[in-house]
Every structure is written in C-alpha cells, then in structure tokens.
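Shown next, in structure tokens, is the structure this report addresses.
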Amino acid sequence: MPFTVYGIELSSRLLLGTAQYPSPAVLAMAVRTSGAAVVTVSLRRESADGDCGGQFWSLIRELGVHVLPNTAGCHSAKEAVTTAKMAREVFGTNWIKLEVIGNHDTLQPDVFGLVEAARVLVEDGFAVFPYTTEDLVVAERLIDAGCEVIMPWCAPIGSARGPVHIDALRALRAHFPDTPLIIDAGLGRPSHAAAVMELGYDAVLLNTAIAKAGDPVAMAAAFAKAVEAGRQAYRAGLLEPRDMAVPSTPVIGQAVFS
C-alpha cells in the first residue's frame, strides 16, 4: 500500500516511533514485523552521554528505513528550529517531524509557535511533518507555510484513547482531499488505526501502543494488519450508517406463501 510524501514513495502506511521499547532487539523486531518504512528518532537520544546514542543510530541504519527526526520536547518555535537544524546535521536528512508543545499536561501543540517554526524551516529547505491538532484553520496556515503533509492528533500523546473527535477528523479529510494526512498520537488499539484509515487518512504514526504492549512484536503485526484493512475498506467504499432498518432480502415481487 505505497503512498508518497515529499516526492518519496513509501512502501507502508504505518510509521513507528522508537522510544520506550524494552530493548533494542525488540525495537528492531517490531519495526521489521510491522513493515514500517519510516521511524521517528529523537535528537536527544542520539546526543545521549556515552555510546548509547551512537549504538542506537547504528541500529536504525541497519533497519534500512527512512528516518524522520523529531523536535520532541521543544516548547518554543526558536527551540524547535534550533533542534531541527541540529538533527539535520546529525541524521543527514531534511525531513523533520515538527513538534512545538504548548501544554505540559496534555502535550497539545502550540499551534502559533508551530506555524511560525514551520515557515522558518520550509524556507530553510526542510520537508516539515507538523504535529498539530485537528483544527482546519491551523492546517490551512501550515499548508500556506509550505508544509506538504499534515499530522493531526486523534487524542493526546500516549493517552491510547483513539479518535476522540471523529467529526473533526472527517471534516479535515474532506477539506484537504489532496494533502497527505497522517494521524499522529493517541492511538491505543489496532481498531483505532483501522477506524481512522477508514476515514481516508493516508497513514498513522504511533509509538506507545506498540512499545508498551505486553508483546510489542505481536502488537506491531496487529497494527500493520489493521492499517491495511482500514485502507482497503476505505477504497472499497464503506456503507454509511442509517437511521432506519433496511432489509437485506428484497420483499417486492416475491412470492407470498399462506
């Protein structure tokens, strides 16, 4: 199920984070099992003291996937821009998952700082993947700033609540039919991934639901199947809910037995 972002065709619609796994070996097996073509990485991990950062980076390179560095933990546009530039030097890519956090409790994006940082980074040659809310106006501002993909949350990071505002997500998809939309944050179950893919979203990015599962590798396989099923269902054409019952067996023109 390939799709294209910033001119690059990706072989999978499942993107994975790389934090919180019980071991590097489990992380590697989960990524391979999921078939994910993109993983997110944090500059903070690569810059860790000792050899941990270098070992982690070597592991990621061995997986043969696209690397999407992020600006996790940044709380201002200036901090995010600086982190993005450092990540470009470390990881050798102009891709950046842009996060500007505005609230410590919900980890909700600071959409004002996000748009500001996105504009600066696009002008500097970055391919920006902005982590945002499901707000239509914010998405418009990000696209105006030069973002070619939008990454709305469906619930707060790590909450595992699944799609909270289905109508808003549906409206976002309808409003931007030609823009790649990737759900980022809040997915807790494979059924959540299937649900947003059935809305027509192009991909999902998740971390905690797999990394913190009892069996991360098995959960990675489950999410991969859910993403594929949701995409196929969307393309097949889903039956819309109805207020009244509709008989599956026609009654007009049928013989009547008494």
Side-chain angles (χ1 to χ4, degrees), residues 1-18 29-40 63-68 95 97 127 129-134 136 139 142-143 147-155 157 159-211 213 216-242:
M1 298 186 300
F3 77 112
T4 301
V5 288
Y6 287 108
I8 302 297
E9 184 176 89
L10 302 177
S11 60
S12 172
R13 293 175 183 268
L14 177 59
L15 294 71
L16 294 186
T18 54
M29 286 190 291
V31 172
R32 292 190 176 102
T33 300
S34 72
V38 176
V39 298
T40 63
L63 292 173
V65 294
H66 293 277
V67 174
L68 178 58
W95 281 18
K97 180 190 170 190
F129 295 68
Y131 163 62
T132 182
T133 65
E134 67 274 41
L136 288 174
L142 289 167
I143 292 173
C147 297
E148 297 182 14
V149 59
I150 303 295
M151 301 180 70
W153 69 354
C154 71
I157 294 173
S159 68
R161 294 175 63 190
V164 176
H165 302 296
I166 286 285
D167 289 341
L169 292 174
R170 184 179 288 109
L172 190 67
R173 176 71 283 177
H175 198 73
F176 301 103
D178 301 320
T179 299
L181 299 180
I182 302 173
I183 289 292
D184 178 16
L187 298 173
R189 302 181 179 187
S191 58
H192 295 160
V196 295
M197 293 300 291
E198 287 175 358
L199 295 178
Y201 278 76
D202 296 281
V204 299
L205 192 161
L206 62 144
N207 188 170
T208 308
I210 291 179
V217 177
M219 189 60 74
F223 267 100
K225 292 175 182 177
V227 169
E228 181 177 359
R231 180 62 182 177
Q232 289 183 352
Y234 169 72
R235 294 192 65 187
L238 292 162
L239 184 65
E240 292 300 321
R242 298 167 177 168

Output a table of donor-acceptor pairs, distance under 3.5 Å, between side-chain atoms of residues 233-242 and any protein atom two or more places apart or on a different chain; print 'none' if there are none.
none

Nearest heavy atoms of [X] and [Y], plus distance in Å:
X	Y	value
Ala139	Leu172	CB-CD1, 3.9 Å
Ala155	Val164	CB-CG2, 3.9 Å
Pro180	Thr4	CG-O, 3.9 Å
Gly35	Ser12	O-CB, 3.2 Å
Pro152	Tyr201	CG-CE2, 4.0 Å
Ala30	Pro216	CB-O, 4.2 Å

Please confirm whether the backbone N or O of [Y] pairs with a side-chain atom of [X], one donor and one acceptor, at under 3.5 Å?
X	Y	result
Arg173	Leu199	no
Ser34	Val31	yes
Asp202	Leu181	yes

Could you tell me the separation between the [atom1] atom of [X] and the [atom2] atom of [Y], rounded to the nearest 0.5 Å?
X	Y	atom1	atom2	answer
Glu228	Leu14	CD	CG	11.0 Å
Met219	Leu206	CE	CG	10.0 Å
Thr40	Leu16	OG1	CG	8.0 Å
Ile166	Glu198	CD1	CD	9.5 Å
Glu134	Leu169	CD	CG	5.5 Å

Test of understanding: with ring-ring contact (aromatic ring centres under 6.0 Å, His included), list the residues that count as partners of [X], not counting sequence neighbours.
X	value
His66	Trp95
Tyr6	Phe129
Tyr131	none

Handout entry: Minimum side-chain heavy-atom gap Phe176-Ile143 below 4.5 Å
Key =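 Result yes, sub-4.5 Å side-chain heavy-atom pair found.
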Practice task
Give every residue pair that meets the side-chain hydrogen bond (donor to acceptor under 3.5 Å, both in side chains) criterion with at least one member in residues 160-171, sequence neighbours excluded.
Solution key: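 Sorted result for residues 160-171: Asp167-Arg170.
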Handout entry: Of all pairs that satisfy side-chain hydrogen bond (donor to acceptor under 3.5 Å, both in side chains), the ones with a partner from residues 177-195, not counting sequence neighbours
Key =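 As it turns out, the side-chain hydrogen bond (donor to acceptor under 3.5 Å, both in side chains) pairs with a partner in residues 177-195, which skip direct neighbours, are Lys97-Asp184.
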Handout entry: Of Val65, Leu63, Val217, the residue whose pairing with Arg32 passes side chain to side chain contact (heavy atoms under 4.5 Å, CB included)
Key =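 By the side chain to side chain contact (heavy atoms under 4.5 Å, CB included) criterion, Arg32 pairs with just one of Val65, Leu63, Val217: Leu63.
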